[in-house]
Amino acid sequence: MLVKLKSRVLQILFFSVDQQPILMRLKANTDIQVALFMTQFGIRLFTLILLSHVVLPLFAQEQQGDSLSIGLQNQSADSLAILGLADSVATDTAAVIEDGAEKLTKIPIHGQLNEEQRMLARADVIPLSLTQRGRAYTTAYRGMPAGFFQYQFEGYEFDNPVMGFWNEQLIGRYQYEKRIQQTGSPQLALTRITPPKGRRPQSRVVFTQDYGFDINMLDVNLNQRFSPGSYYQLSGSNFSGRGAEGNLTGRFTVNNYYAQGHFERGEKWSADVFYWQLRQRFNMGAGDTFSNLRTGKFKQVGHLFWVGLLGKLSENDVITITPEYTTFEDRYWENNITARNIRYHLSRLRWNYQRTFGSGTFGVKGFFRDIRNEGEIFWREASESDTRLGAYLTTGWSSLNLEVSGGIYRHSELASRPYGKIGAAFHLPGGSKLNLTAFSDSRPTPLLWRSIDDPTQPAFQGEDLIEETGVSAGLQFQLSQYFQAGLEAFSYQNNNVPAYIDETISGSWKTVNYENSGVSTNAALLFKYIQLHNEFSYNRDFETVFGPQFKNVATAKVGFNAFNNALRIEGITSLQSIDGLGSIFFDRRLNLYRLTEADEILTVESGTSTSTFNILDARIQAYFNDAVLFVIWENILSTKYRYIETTVSDFRVFRVGVNWLFYD
């Protein structure tokens, strides 16, 4: 009965009376049609959610207990080991940041489309985006180039030794529950969504659509327990649109599918099985350089499979073994002529042994990876491997936590180099904390740049690794229950980064060193009906790194309850102010970002800001039991801006949607 009821609810919501999909009926985008349609859509959605608030509880029992957490609160160091986090997060050597600004202000932001939009709330990053959401995107963290900032999901590290950086557009926005980052660390760990303790399935639907650019997203997620300690999750998303550039050059489609299963055998053994299928297609208009204007078409299809095996050998000894396999097809066309067609395969085996003693842990971990690249045109076949082996030690006292780790990284074709990290957290009176972090690491230069087989474009011949180093000092304090703040000073370096300079007919390679220091601050005022948050970042060497001189993100929220606390309404505004952003160029064929001089690049449109601009967003969120109805207006000021040369956007967006959690 309940299944039929919900099927009818979704049918009424997304289909019209004549059973035609609502998304297909709105072809023209006149103001009157948009207004009438959105009014009709809002009335339907409002009515159905109120109906679900009264009727659905008659058929379904209440949720049994709180959701399980894979984060810090309910997990020991033993279970964190399978996440690859036991040597960092569990020791509290640095502050944990959950959802950037959201941890301080407790503002859940509903209706976000992807990781790019979520990262915009942070002042210490710049999106190296091809402007329209749905296209390739990566994060420039505190002025460092693409590839420096890395994600991790359930132990799987999203790095790409072939292409140079991971396309963060393909990370599932609604597939994770928490975001954990240490102060000073360029790594962000994502933790999975876990179902309730009971055996009733948990389902969630997220739908959002903008009618100006025909951008729409539907994400469906299902969690089900089949024993007290075992469960599975199935989900998929469809994100598509024609974008701001029109019906041809702005089209994109992102289809991601996720499956995972968690299995436990007794109290000593568990296994996590993951499979992700990632698909992305998008177009870009003409515009690279003065001499070669060309349209572009991109397509990526990837498969990720990994298994995490955890065994508790004794009360103090835990071992994890994680085999992984990734394959990607990457194609790029210029003016409908194939310019890149490669397929690469990554096989990796990771291991981690950890022993707990007293107030600390000691462990040994590492990986072996095999890399194969198959190129059908302009790229030769290549194969290589790399290995990482190291140890870590964490310990703590009443006022001090300490973490030390180090080891060796070895590449079969490039150089070898040691790596290391040290972190300390000092707990000060009044709940304040001082964090000190220093690290040194390395990664290979992308295989794509070293395996070019084209007489008009040379391959990169360098054998050095890309070196990454950084130091930071952060202070966090809470003056009262209403005021929280933090301050961090940092200094980062990225050496031996290849850059292709197309100054001649054939072009040439050179290596570039990036160095930047600066400060990042955040503060929040928390009151009953209003909350204010501000995050600020300053980059001293903004003229020579991938970051602006100043970036400020100010967020304000007002909220109140109505109808005897049955309905909660929140209004949120966010203003991004960016000043001093340099000129950044993206080489489509080589998948390469580099800094460039403005006179090298064709100016696409007058009045478009590259260095200084303000972006104002606003939203209203209404909570109906387990559903949230949201209305979003992005870029209210209609700012014309670009992060990457020749990828302009004014991106005025008006979206509506729903985030609905319900139980079968």
Side-chain angles (χ1 to χ4, degrees), residues 38 42-43 45-47 49-50 52-54 57 62-63 66-67 71 73 95-112 117-123 177-179 204 206 208 430-432 476-487 521-536 551-577 614-637 653-661:
M38 292 177 59
I43 293 174
L45 193 56
F46 185 86
T47 303
I49 293 176
L50 287 179
S52 71
H53 178 70
V54 177
E62 293 295 328
Q63 179 183 0
D66 296 330
S67 299
Q73 297 179 351
V96 173
I97 300 173
E98 296 178 12
D99 293 334
E102 295 178 20
K103 180 187 178 184
L104 288 177
T105 57
K106 306 295 189 297
I107 301 177
I109 304 297
H110 294 278
Q112 292 174 323
Q117 187 175 12
R118 193 150 191 169
M119 293 295 280
L120 291 176
R122 296 184 52 168
E177 188 171 51
K178 289 185 178 181
R179 301 150 59 86
R204 175 171 52 183
V206 180
T208 177
S432 300
Q476 298 166 10
F477 53 91
Q478 182 168 341
L479 298 181
S480 70
Q481 61 177 323
Y482 305 108
F483 179 70
Q484 302 171 357
L487 170 67
T521 68
N522 61 74
L525 287 172
L526 309 176
F527 300 105
K528 184 175 181 180
Y529 297 107
I530 185 170
Q531 298 174 4
L532 305 175
H533 178 267
N534 193 84
E535 187 169 321
F536 171 81
K551 182 180 178 182
N552 194 83
V553 181
T555 305
K557 169 197 170 184
V558 294
F560 62 91
N561 297 325
F563 303 109
N564 196 25
N565 295 327
L567 172 65
R568 177 163 182 82
I569 299 177
E570 294 175 343
I572 304 173
T573 61
S574 178
L575 175 63
Q576 302 175 55
S577 300
N614 298 290
I615 303 174
L616 179 64
D617 302 331
R619 66 184 64 222
I620 298 176
Q621 304 173 169
Y623 294 76
F624 303 88
N625 196 14
D626 291 324
V628 182
L629 173 67
F630 49 84
V631 180
I632 302 169
W633 190 1
E634 298 179 8
N635 197 9
I636 297 175
L637 302 178
V653 170
F654 190 80
R655 287 191 287 123
V656 298
V658 61
N659 186 332
W660 193 0
L661 179 67

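All residue numbers refer to positions in the sequence shown, counting from 1. Bear in mind that the values here come from a model prediction, so they are computed numbers and not experimental data.
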Q. Do side-chain atoms of Glu535 reach the backbone of Ala123 as a donor and acceptor pair under 3.5 angstrom?
A.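 Indeed, once roles are kept as given, a pair shorter than 3.5 Å links the two residues.
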Q) Checking Asp617 side chain against Asn635 main chain: does a donor-acceptor pair fall under 3.5 Å? A)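 Side chain of Asp617 to backbone of Asn635, a donor-acceptor pair under 3.5 Å: yes, one is there.
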With [X] via side chain to side chain donor-acceptor pair (under 3.5 Å) - residues at least two apart:
{"X": "Gln117", "value": "Glu634"}
{"X": "Thr208", "value": "Arg655"}
{"X": "Ser577", "value": "Asn614"}
{"X": "Asn552", "value": "Asn534"}

Q: Could you tell me which residues satisfy side chain to side chain contact (heavy atoms under 4.5 Å, CB included) with Asn659, sequence neighbours excluded, listed by chain and number?
A: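 So Asn659 forms a side chain to side chain contact (heavy atoms under 4.5 Å, CB included) with His110, Tyr174, Arg204, Val206, Val628, Phe630.
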Q: Identify the two heavy atoms, one from Leu629 and one from Gly657, that lie closest to each other, and give their separation to 0.1 Å.
A: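 Result for this residue pair: CD1-O, 3.2 Å.
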Q: Considering non-hydrogen atoms only, spot the tightest contact between Pro108 and Gln621 and give its length.
A: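 Distance-wise, the nearest heavy atoms are O-NE2, 3.2 Å.
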Contact check, side chains of [X] and [Y], non-hydrogen atoms, under 4.5 Å:
{"X": "Ile632", "Y": "Val653", "result": "no"}
{"X": "Phe654", "Y": "Val631", "result": "yes"}
{"X": "Arg122", "Y": "Val553", "result": "no"}
{"X": "Tyr529", "Y": "Val558", "result": "no"}

Rounded to the nearest 0.5 Å, how far does [atom2] of [Y] lie from [atom1] of [X]?
{"X": "Glu570", "Y": "Ile620", "atom1": "CD", "atom2": "CD1", "result": "11.5 Å"}
{"X": "Leu567", "Y": "Tyr623", "atom1": "CG", "atom2": "OH", "result": "11.0 Å"}
{"X": "Thr573", "Y": "Arg619", "atom1": "OG1", "atom2": "CZ", "result": "10.5 Å"}
{"X": "Leu120", "Y": "Lys551", "atom1": "CG", "atom2": "NZ", "result": "6.0 Å"}
{"X": "Met119", "Y": "Arg179", "atom1": "CE", "atom2": "CZ", "result": "6.0 Å"}
{"X": "Phe536", "Y": "Leu487", "atom1": "CZ", "atom2": "CG", "result": "11.0 Å"}

Q: Please identify each residue that fulfils ring-ring contact (aromatic ring centres under 6.0 Å, His included) with Phe527, with sequence neighbours left out.
A: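 Phe527 satisfies ring-ring contact (aromatic ring centres under 6.0 Å, His included) with Tyr482 only.
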